[in-house]
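Counting starts at 1 for both ligands and their atoms, following the listed order. In what follows, every heavy atom counts, from backbone to side chain, and hydrogens, waters and symmetry copies are set aside.
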Amino acid sequence: MARKKIIAGNWKMNMTPSEAVELINTLKPLVATDEADVVFCVPAIDIIPALEAAKGSNIQIGAENMYFEEKGAFTGEISPAMLTDVGVKYVIIGHSERREYFAETDETVNKKVLKAFEHGITPIVCCGETLTQREQGVTIDFIRQQIKVAFLNVTADQAKTAVIAYEPIWAIGTGKTATSDQAEEVCAAIRACIAEVYDEATAEAIRIQYGGSVNASTAAELFAKPNIDGGLVGGAALKPDFGKIVNYK
Ligand code: PEP
(Lines give C-alpha, C1' and ligand atoms only; values in the text may rest on other atoms or scores of the structure.)
Protein backbone atom coordinates (compact mmCIF):
# COMPACT_ATOMS: atom_id res chain seq x y z
CA MET A 1 0.00 0.00 0.00
CA ALA A 2 1.28 3.43 -0.88
CA ARG A 3 2.35 5.53 2.06
CA LYS A 4 0.30 8.66 2.66
CA LYS A 5 2.44 11.79 2.64
CA ILE A 6 2.78 13.70 5.87
CA ILE A 7 3.60 17.38 5.77
CA ALA A 8 4.29 18.98 9.11
CA GLY A 9 5.09 22.51 10.15
CA ASN A 10 7.52 23.16 12.98
CA TRP A 11 6.70 26.59 14.32
CA LYS A 12 9.67 26.60 16.73
CA MET A 13 9.50 29.52 19.25
CA ASN A 14 7.23 31.64 17.06
CA MET A 15 3.62 32.81 17.33
CA THR A 16 1.81 33.97 20.44
CA PRO A 17 -1.51 32.22 21.10
CA SER A 18 -3.47 34.98 19.35
CA GLU A 19 -1.06 35.00 16.40
CA ALA A 20 -1.40 31.20 16.24
CA VAL A 21 -5.18 31.44 15.87
CA GLU A 22 -4.81 34.08 13.17
CA LEU A 23 -2.27 31.99 11.23
CA ILE A 24 -4.40 28.86 11.42
CA ASN A 25 -7.42 30.78 10.19
CA THR A 26 -5.36 32.06 7.24
CA LEU A 27 -3.86 28.66 6.42
CA LYS A 28 -6.95 26.50 6.93
CA PRO A 29 -8.36 26.89 3.41
CA LEU A 30 -4.87 26.79 1.85
CA VAL A 31 -3.85 23.43 3.34
CA ALA A 32 -7.15 21.62 2.78
CA THR A 33 -6.38 18.26 1.13
CA ASP A 34 -7.14 14.55 1.56
CA GLU A 35 -3.92 13.51 -0.09
CA ALA A 36 -1.56 14.21 2.79
CA ASP A 37 -1.68 14.33 6.56
CA VAL A 38 -1.17 17.93 7.63
CA VAL A 39 0.27 18.59 11.09
CA PHE A 40 1.13 21.89 12.75
CA CYS A 41 3.62 21.39 15.59
CA VAL A 42 3.26 24.45 17.76
CA PRO A 43 4.68 25.86 21.02
CA ALA A 44 3.10 24.31 24.13
CA ILE A 45 1.13 27.42 25.06
CA ASP A 46 -0.40 27.56 21.57
CA ILE A 47 -1.64 23.96 21.59
CA ILE A 48 -5.10 24.54 23.09
CA PRO A 49 -6.04 27.63 21.05
CA ALA A 50 -4.58 25.95 17.94
CA LEU A 51 -6.73 22.84 18.48
CA GLU A 52 -9.77 25.05 18.86
CA ALA A 53 -8.92 27.06 15.72
CA ALA A 54 -8.24 23.91 13.67
CA LYS A 55 -11.50 22.19 14.65
CA GLY A 56 -13.44 20.93 11.62
CA SER A 57 -10.39 21.22 9.32
CA ASN A 58 -7.83 18.62 8.20
CA ILE A 59 -5.12 20.25 10.32
CA GLN A 60 -3.82 18.13 13.18
CA ILE A 61 -2.00 19.80 16.02
CA GLY A 62 1.30 18.42 17.33
CA ALA A 63 3.76 19.37 20.03
CA GLU A 64 7.41 20.36 19.53
CA ASN A 65 8.69 18.44 22.53
CA MET A 66 7.62 16.32 25.47
CA TYR A 67 9.29 14.92 28.60
CA PHE A 68 9.89 11.21 29.14
CA GLU A 69 8.51 10.98 32.68
CA GLU A 70 4.84 10.66 33.61
CA LYS A 71 4.65 13.55 36.09
CA GLY A 72 6.43 15.16 39.00
CA ALA A 73 9.23 17.53 39.86
CA PHE A 74 10.35 18.49 36.33
CA THR A 75 9.77 22.24 36.32
CA GLY A 76 8.89 23.61 32.92
CA GLU A 77 8.31 20.29 31.19
CA ILE A 78 5.19 18.97 29.44
CA SER A 79 4.06 15.39 30.08
CA PRO A 80 2.64 12.96 27.52
CA ALA A 81 -0.68 12.79 29.43
CA MET A 82 -0.97 16.58 29.21
CA LEU A 83 -0.73 16.27 25.43
CA THR A 84 -3.14 13.37 25.00
CA ASP A 85 -5.65 14.95 27.39
CA VAL A 86 -6.22 17.79 24.92
CA GLY A 87 -6.06 15.60 21.80
CA VAL A 88 -2.47 15.94 20.57
CA LYS A 89 -1.48 13.01 18.33
CA TYR A 90 2.04 13.95 17.16
CA VAL A 91 5.19 15.18 18.87
CA ILE A 92 8.54 16.19 17.40
CA ILE A 93 11.34 14.37 19.22
CA GLY A 94 15.04 15.17 19.05
CA HIS A 95 15.00 18.20 16.76
CA SER A 96 18.58 19.32 16.15
CA GLU A 97 17.89 22.62 17.94
CA ARG A 98 16.89 20.68 21.05
CA ARG A 99 20.01 18.55 20.74
CA GLU A 100 22.20 21.64 20.31
CA TYR A 101 20.67 24.06 22.84
CA PHE A 102 18.93 21.78 25.35
CA ALA A 103 21.36 18.89 25.70
CA GLU A 104 19.18 16.22 24.11
CA THR A 105 21.03 13.04 23.28
CA ASP A 106 20.22 9.88 21.35
CA GLU A 107 19.47 8.29 24.74
CA THR A 108 16.93 10.94 25.83
CA VAL A 109 15.44 10.82 22.35
CA ASN A 110 14.95 7.05 22.80
CA LYS A 111 13.28 7.55 26.21
CA LYS A 112 10.92 10.13 24.71
CA VAL A 113 10.11 7.95 21.70
CA LEU A 114 9.24 5.01 23.98
CA LYS A 115 7.11 7.24 26.20
CA ALA A 116 5.28 8.76 23.25
CA PHE A 117 4.35 5.29 21.96
CA GLU A 118 3.27 4.23 25.44
CA HIS A 119 0.73 7.07 25.30
CA GLY A 120 -0.35 6.55 21.70
CA ILE A 121 1.36 9.70 20.44
CA THR A 122 3.14 9.44 17.09
CA PRO A 123 6.74 10.65 17.39
CA ILE A 124 8.32 12.59 14.55
CA VAL A 125 11.88 11.45 15.23
CA CYS A 126 14.50 13.86 13.92
CA CYS A 127 17.95 12.94 12.71
CA GLY A 128 20.54 14.71 10.62
CA GLU A 129 24.23 15.33 10.11
CA THR A 130 26.36 18.44 10.45
CA LEU A 131 28.18 19.93 7.47
CA THR A 132 31.49 18.57 8.82
CA GLN A 133 30.07 15.08 9.03
CA ARG A 134 28.81 15.34 5.45
CA GLU A 135 32.20 16.58 4.27
CA GLN A 136 33.95 13.77 6.13
CA GLY A 137 31.74 11.22 4.38
CA VAL A 138 30.22 9.84 7.59
CA THR A 139 26.62 10.96 7.05
CA ILE A 140 25.06 7.54 6.61
CA ASP A 141 27.01 5.96 9.50
CA PHE A 142 25.99 8.82 11.78
CA ILE A 143 22.31 8.71 10.81
CA ARG A 144 22.18 4.92 11.20
CA GLN A 145 23.50 5.29 14.73
CA GLN A 146 20.94 8.01 15.56
CA ILE A 147 18.11 5.84 14.23
CA LYS A 148 19.25 2.64 15.90
CA VAL A 149 19.50 4.29 19.32
CA ALA A 150 16.25 6.26 18.89
CA PHE A 151 14.37 3.01 18.13
CA LEU A 152 15.94 0.84 20.84
CA ASN A 153 13.18 -1.36 22.38
CA VAL A 154 10.54 0.08 20.04
CA THR A 155 8.44 -2.79 18.65
CA ALA A 156 7.92 -3.32 14.92
CA ASP A 157 4.22 -2.51 15.27
CA GLN A 158 5.10 0.80 16.92
CA ALA A 159 7.86 1.59 14.43
CA LYS A 160 5.44 1.08 11.54
CA THR A 161 3.43 4.07 12.75
CA ALA A 162 6.42 6.34 13.44
CA VAL A 163 7.56 9.28 11.38
CA ILE A 164 11.26 9.97 10.87
CA ALA A 165 12.39 13.42 9.78
CA TYR A 166 15.74 13.52 8.02
CA GLU A 167 17.00 17.06 8.55
CA PRO A 168 20.60 17.83 7.61
CA ILE A 169 21.65 20.46 10.14
CA TRP A 170 23.41 22.51 7.46
CA ALA A 171 20.09 22.89 5.64
CA ILE A 172 17.92 24.00 8.58
CA GLY A 173 17.01 27.68 8.50
CA THR A 174 19.89 28.40 6.11
CA GLY A 175 17.98 28.58 2.84
CA LYS A 176 20.27 25.74 1.66
CA THR A 177 18.05 22.80 0.72
CA ALA A 178 19.66 19.41 0.19
CA THR A 179 19.30 18.39 -3.44
CA SER A 180 16.52 15.89 -4.00
CA ASP A 181 19.17 13.24 -4.75
CA GLN A 182 21.06 13.96 -1.52
CA ALA A 183 17.82 13.81 0.47
CA GLU A 184 16.66 10.63 -1.29
CA GLU A 185 20.00 8.90 -0.70
CA VAL A 186 19.78 9.38 3.06
CA CYS A 187 16.03 8.66 3.30
CA ALA A 188 16.62 5.39 1.39
CA ALA A 189 19.46 4.53 3.78
CA ILE A 190 17.17 5.20 6.76
CA ARG A 191 14.54 2.87 5.27
CA ALA A 192 17.21 0.20 4.70
CA CYS A 193 18.33 0.60 8.32
CA ILE A 194 14.74 0.10 9.53
CA ALA A 195 14.49 -3.02 7.34
CA GLU A 196 17.68 -4.33 8.95
CA VAL A 197 16.55 -3.61 12.51
CA TYR A 198 12.97 -4.84 11.92
CA ASP A 199 11.81 -6.22 8.57
CA GLU A 200 10.71 -5.16 5.08
CA ALA A 201 7.08 -4.65 6.10
CA THR A 202 8.09 -2.18 8.82
CA ALA A 203 10.45 -0.37 6.46
CA GLU A 204 7.69 -0.11 3.85
CA ALA A 205 5.21 1.30 6.35
CA ILE A 206 7.30 3.89 8.20
CA ARG A 207 7.08 7.43 6.88
CA ILE A 208 10.27 9.40 6.30
CA GLN A 209 10.19 13.16 5.83
CA TYR A 210 12.84 15.49 4.55
CA GLY A 211 13.36 18.81 6.37
CA GLY A 212 15.71 21.72 5.77
CA SER A 213 14.65 24.92 4.03
CA VAL A 214 11.80 23.25 2.13
CA ASN A 215 9.82 25.88 0.26
CA ALA A 216 7.10 26.12 -2.36
CA SER A 217 9.57 25.77 -5.22
CA THR A 218 11.54 22.76 -3.87
CA ALA A 219 8.72 20.67 -2.35
CA ALA A 220 7.47 18.97 -5.52
CA GLU A 221 10.86 17.58 -6.57
CA LEU A 222 11.74 16.44 -3.05
CA PHE A 223 8.38 14.80 -2.34
CA ALA A 224 8.37 12.98 -5.69
CA LYS A 225 11.32 10.85 -4.56
CA PRO A 226 10.35 7.27 -3.72
CA ASN A 227 11.67 7.32 -0.15
CA ILE A 228 10.56 10.84 0.82
CA ASP A 229 7.09 10.76 2.32
CA GLY A 230 6.65 14.48 2.92
CA GLY A 231 8.41 17.19 4.83
CA LEU A 232 9.08 18.85 8.15
CA VAL A 233 8.96 22.55 7.41
CA GLY A 234 10.21 25.40 9.61
CA GLY A 235 10.27 28.94 8.24
CA ALA A 236 7.89 28.37 5.34
CA ALA A 237 5.26 26.85 7.66
CA LEU A 238 4.56 30.32 9.04
CA LYS A 239 3.53 31.74 5.68
CA PRO A 240 0.76 31.23 3.14
CA ASP A 241 3.47 29.42 1.13
CA PHE A 242 2.80 26.44 3.39
CA GLY A 243 -0.40 25.92 1.41
CA LYS A 244 1.68 25.55 -1.77
CA ILE A 245 3.98 23.06 -0.04
CA VAL A 246 1.03 20.96 1.13
CA ASN A 247 -0.52 21.07 -2.35
CA TYR A 248 2.86 20.56 -4.02
CA LYS A 249 1.63 18.48 -6.95
C1 PEP B 1 12.96 22.65 10.95
O2 PEP B 1 13.07 23.41 11.88
O3 PEP B 1 12.59 21.49 11.18
C4 PEP B 1 13.26 23.11 9.60
C5 PEP B 1 13.38 22.23 8.65
O6 PEP B 1 13.41 24.45 9.43
P7 PEP B 1 13.54 25.25 8.01
O8 PEP B 1 12.47 24.70 7.12
O9 PEP B 1 13.30 26.68 8.38
O10 PEP B 1 14.90 24.98 7.51
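- Shown are His95, Lys112, Glu97; of these, the side-chain hydrogen bond (donor to acceptor under 3.5 Å, both in side chains) with Asn65 is made only by Lys112.
- Residues near Met13 contribute nothing to a hydrophobic cluster around it, because no ILVMFWY side-chain heavy atom sits closer than 4.5 Å to its side chain.
- Between Arg144 and Glu196 there is a salt bridge, since a side-chain N of the basic residue sits under 4.0 Å from a carboxylate O of the acidic one.
- In this view, Asp141 satisfies the side chain to side chain donor-acceptor pair (under 3.5 Å) rule with no residue, not counting sequence neighbours.
- Counting only residues at least two apart or on different chains, the ring pair (Phe, Tyr, Trp, His ring centres under 6.0 Å) pairs with a member in residues 45-82 are Tyr67-Phe74.
- For the pair Arg99 and Glu104, the salt-bridge criterion is not met [side-chain N within less than 4.0 Å of a carboxylate O].
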Any protein N or O within less than 3.5 Å of an N or O in ligand 1? List each pair with its distance, or say none.
from, atom 1, to, atom 2, distance (Å)
ligand 1, 2 (O), Asn10, ND2, 3.2
ligand 1, 2 (O), Lys12, NZ, 2.7
ligand 1, 2 (O), His95, NE2, 2.9
ligand 1, 3 (O), His95, NE2, 3.0
ligand 1, 3 (O), Glu167, OE1, 3.0
ligand 1, 3 (O), Glu167, OE2, 2.6
ligand 1, 6 (O), Lys12, NZ, 3.4
ligand 1, 6 (O), Gly234, N, 3.4
ligand 1, 8 (O), Ser213, N, 3.3
ligand 1, 8 (O), Gly234, N, 2.8
ligand 1, 9 (O), Gly235, N, 2.9
ligand 1, 10 (O), Gly173, N, 2.6
ligand 1, 10 (O), Ser213, N, 2.7

